[in-house]
*Asks:* 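Sending over a structure as structure tokens; questions will come in a sec.
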Amino acid sequence: MSVTRSGGVAGIRREWRIDVDGDGRADWILLLDACPWSSADVGGAPDAAPGAGSTAAGASAPRGADRMTWTIAADGPEQPRRAELPEPELTGPWRELVDRVQRDGQPVSARVRALPGEDRPIKHRPVEPRDGA
């Protein structure tokens, strides 16, 4: 399972991951089942409008510039689940899930994070000074 926070003023992306096996698995499953996956902006959902999430009032929350967006991905035995939520919608079981992954999981370094669709880590190249600089 992974939790990714992106956006904000600097646009910095942070990610945390946890592998759930063994004794605590049942607690994680209960927490995942408590999250309203069907009402979140789920990646690839045909009925979800781009950029639309659901709020308690049922209206779309504005994403806006400089706001954090959270992507939550869980690979389960039945099917993978994925949701993208703007910061104001990260409440209730979503907040509990994100907090727990951050607390019990491991941060993923940008050096080992792969780009979408790639199996290899991102490689950072040093910036070469320009002539006359």
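Throughout, residue positions are numbered sequentially from 1 according to the sequence presented. As the structure is a computational prediction, the values presented were derived from the model and not from experiment.
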*Asks:* Quick one: closest heavy-atom pair of A74 and L32, and the distance?
*Replies:*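 Nearest pair, atom of A74 first, then L32: CB-CD2, 3.9 Å.
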*Asks:* Return the minimal non-hydrogen interatomic distance between P36 and P93, and the atom names on each side.
*Replies:* CD-CG, 4.3 Å
*Asks:* Mind checking side chain to side chain contact (heavy atoms under 4.5 Å, CB included) for D33 and listing every partner two or more places apart, or none if nothing turns up?
*Replies:*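 Partners of D33 by the side chain to side chain contact (heavy atoms under 4.5 Å, CB included) criterion, ordered by chain and then number, come out as I29, R81.
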*Asks:* Sequence neighbours left out, cut at 3.5 Å: what donor-acceptor pairs do the side chains of residues 97-104 make with other protein atoms?
*Replies:*
residue: R100; atom: NE; partner: D104; partner atom: OD2; Å: 3.4

*Asks:* Rounded to the nearest 0.5 Å, what's the gap from CE on M68 to OG1 on T4? Could you check?
*Replies:*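 The OG1 atom of T4 is 12.5 Å from CE of M68, to the nearest 0.5 Å.
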*Asks:* Is a donor on one side and an acceptor on the other found under 3.5 Å between the side chain of R25 and the backbone of V20?
*Replies:* yes
*Asks:* How far does SG of C35 sit from CD of E96, to the nearest 0.5 angstrom?
*Replies:* 8.0 Å
*Asks:* For E87, what residues pass the side chain to side chain donor-acceptor pair (under 3.5 Å) criterion, not counting sequence neighbours?
*Replies:*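 Side chain to side chain donor-acceptor pair (under 3.5 Å) list for E87, sorted by chain: W70.
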*Asks:* So do S2 and R17 actually touch side chain to side chain, heavy atoms under 4.5 Å?
*Replies:*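 The answer is yes; the side chains approach within 4.5 Å.
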*Asks:* Scan residues 15-36 for pairs that pass ring pair (Phe, Tyr, Trp, His ring centres under 6.0 Å), counting only residues two or more places apart or in two chains.
*Replies:* none
*Asks:* Of T69, I72, T91, which is the lone residue that meets side-chain contact (heavy atoms from CB on, under 4.5 Å) with L85?
*Replies:* I72
*Asks:* Show your working on side-chain contact (heavy atoms from CB on, under 4.5 Å) between R82 and T71 and close with a plain yes or no.
*Replies:* CA-CA 7 Å; R82 179 170 153 54; T71 303; 2.4 Å; yes
